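In this text the structure is predicted, and so the values were computed from the model without any measurement.
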Amino acid sequence: MACGGFACSKNCLCALNLLYTLVSLLLIGIAAWGIGFGLISSFRVVGVVIAVGVFLFFIALVGLIGAVKHHQVLLFFYMIILLLVFIVQFSVSCACLALNEEQQSELLEVVWSNTNSARTDIERNLNCCGFRVFYQNETCAADCLRTLHCRPCAPIMEEYSGMVLRFVGGIGLFFSFTEILGVWLTYRYRNQKDPRANPSAFI
């Protein structure tokens, strides 16, 4: 059977959802690894990453079951959810890639001011104290505090923020196109008849 038929659409959709399943398990594993090795102490950040991983896992599971069983209702809801995820992810990815240095600096300052646990992780991992200025009466988790020769964190964060945003934006953009491919495959697959089923039946 030529590619583009029922079997090919089914196999492609199953393969795509298996990829999403692996990505979701990878997200959950990275969050657990970060907590286990003490790289991340913010349960809010870990909670968000795990929630995204679990959400993606359930979407992939719905898509996989719908593809295997050719279930019209599951495939419909899968297609709608995947389209909404595509819109959100594409918008966020474009925003990450479009941020200039001044906007990145403002965003970093907002994050620094509003998350104490993330601030502790940044100071410990980057070995810096304070955002732009460090005052002696403030607490700091960095090892450099012992020598009293600590760099402020803002220049170090700004050095890496552009690279991180480009990486996150690029990965998000790549996966957003796989999601629109998934929407198209699902729409095509839903409207195809199973050649092994009764020719007069269309579930």
K.L.:
What's the shortest heavy-atom distance between Leu82 and Glu179, and which atoms?
P.N.:
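Residues Leu82 and Glu179, closest heavy atoms: CD2-O, 3.5 Å.
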
K.L.:
Do Leu165 and Val110 belong to the same hydrophobic cluster, where Ile, Leu, Val, Met, Phe, Trp and Tyr are linked whenever their side-chain heavy atoms lie under 4.5 Å apart, directly or via other members?
P.N.:
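No, it is not one cluster - the side chains of Leu165 and Val110 are not joined through contacts under 4.5 Å.
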
K.L.:
When rounded to the nearest 0.5 angstrom, what distance separates OG in Ser24 from CD1 in Ile59?
P.N.:
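Rounded to the nearest 0.5 Å, the OG-CD1 separation comes out at 10.0 Å.
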
K.L.:
Is there a path from Val85 to Leu64 through hydrophobic residues (I, L, V, M, F, W, Y) whose side chains come within less than 4.5 Å of each other?
P.N.:
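Hydrophobic grouping puts Val85 apart from Leu64.
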
K.L.:
What heavy-atom pair brings Tyr20 and Ala60 nearest, and what distance separates the two atoms?
P.N.:
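What the structure gives for the nearest pair is CB-CB, 3.7 Å.
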
K.L.:
If we only count heavy atoms from C-beta on, is the Thr21 to Leu61 side-chain gap below 4.5 Å?
P.N.:
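Answer no - side chains too far apart.
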
K.L.:
Could you check whether any side-chain heavy atom of Phe55 comes within less than 4.5 Å of a side-chain heavy atom of Val52, counting everything from C-beta outward?
P.N.:
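Of all side-chain heavy-atom pairs linking Val52 with Phe55, none is under 4.5 Å.
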
K.L.:
Side-chain heavy atoms under 4.5 angstrom apart, residues restricted to Ile, Leu, Val, Met, Phe, Trp, Tyr: same cluster for Phe76 and Leu13?
P.N.:
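Yes, one cluster joins them.
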
K.L.:
Check side-chain contact (heavy atoms from CB on, under 4.5 Å) between Leu74 and all other residues, then give those that pass, not counting sequence neighbours.
P.N.:
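Once residues adjacent in sequence are excluded, the partners of Leu74 under the side-chain contact (heavy atoms from CB on, under 4.5 Å) criterion are Val62, Ile65, His71.
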
K.L.:
As an exercise, state the distance from CG of Asn11 to OH of Tyr189, rounded to the nearest 0.5 Å.
P.N.:
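Taking CG in Asn11 and OH in Tyr189, the distance rounds to 9.0 Å.
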
K.L.:
Rounded to the nearest 0.5 Å, how far does CG of Leu173 lie from OG of Ser93?
P.N.:
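Going from OG on Ser93 over to CG on Leu173, the span is 5.5 Å.
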
K.L.:
Is the gap between the SG atoms of Cys128 and Cys153 under 2.5 Å?
P.N.:
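Looking at Cys153 and Cys128, their sulfur gamma atoms lie closer than 2.5 Å, so the answer is yes.
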
K.L.:
Measure the CD1-CZ distance between Ile80 and Phe77 for me, rounded to the nearest 0.5 Å.
P.N.:
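Answer for the CD1-CZ pair, Ile80 versus Phe77, is 8.5 Å.
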
K.L.:
Does any part of the side chain of Phe57, heavy atoms only, come nearer than 4.5 Å to the side chain of Leu27, both counted from C-beta?
P.N.:
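Not touching, per the 4.5 Å side-chain cut-off.
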
K.L.:
Go through the steps to decide whether Leu83 and Ile180 satisfy the test side-chain contact (heavy atoms from CB on, under 4.5 Å), and finish with yes or no.
P.N.:
CA-CA 7 Å; Leu83 182 61; Ile180 203 66; 4.1 Å; yes

K.L.:
Given Val183 and Phe86, is the side-chain contact (heavy atoms from CB on, under 4.5 Å) satisfied, shown in steps?
P.N.:
CA-CA 9 Å; Val183 171; Phe86 163 75; 5.7 Å; no

K.L.:
Hey, could you give me the CG/CG distance between Asn17 and Leu185, rounded to the nearest 0.5 Å?
P.N.:
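These two atoms lie 9.5 Å from each other.
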
K.L.:
In terms of the angle between their ring planes, are Phe90 and Phe177 parallel, tilted or perpendicular, with boundaries placed at 30° and 60°?
P.N.:
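Perpendicular: the ring planes of Phe90 and Phe177 meet at over 60°.
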
K.L.:
Heavy atoms only: give me the nearest Ile87-Ser91 pair and the separation to one decimal.
P.N.:
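Shortest heavy-atom separation between Ile87 and Ser91 comes out as O-OG, 2.7 Å.
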
K.L.:
Identify whether Ile171 and Leu56 are in the same connected component of the hydrophobic contact network (ILVMFWY, side-chain heavy atoms under 4.5 Å).
P.N.:
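Yes, one cluster joins them.
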
K.L.:
CD/Gln72 to CE/Met79 distance, rounded to the nearest 0.5 angstrom?
P.N.:
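Output value for this atom pair is 9.5 Å.
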
K.L.:
Identify the two heavy atoms, one from Leu108 and one from Met157, that lie closest to each other, and give their separation to 0.1 Å.
P.N.:
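Shortest heavy-atom separation between Leu108 and Met157 comes out as CD2-CE, 3.6 Å.
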
K.L.:
In terms of hydrophobic clustering (I, L, V, M, F, W, Y; side-chain heavy atoms under 4.5 Å; direct or indirect links), are Val68 and Leu75 co-clustered?
P.N.:
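Different clusters: Val68 never reaches Leu75 through Ile, Leu, Val, Met, Phe, Trp or Tyr contacts under 4.5 Å.
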
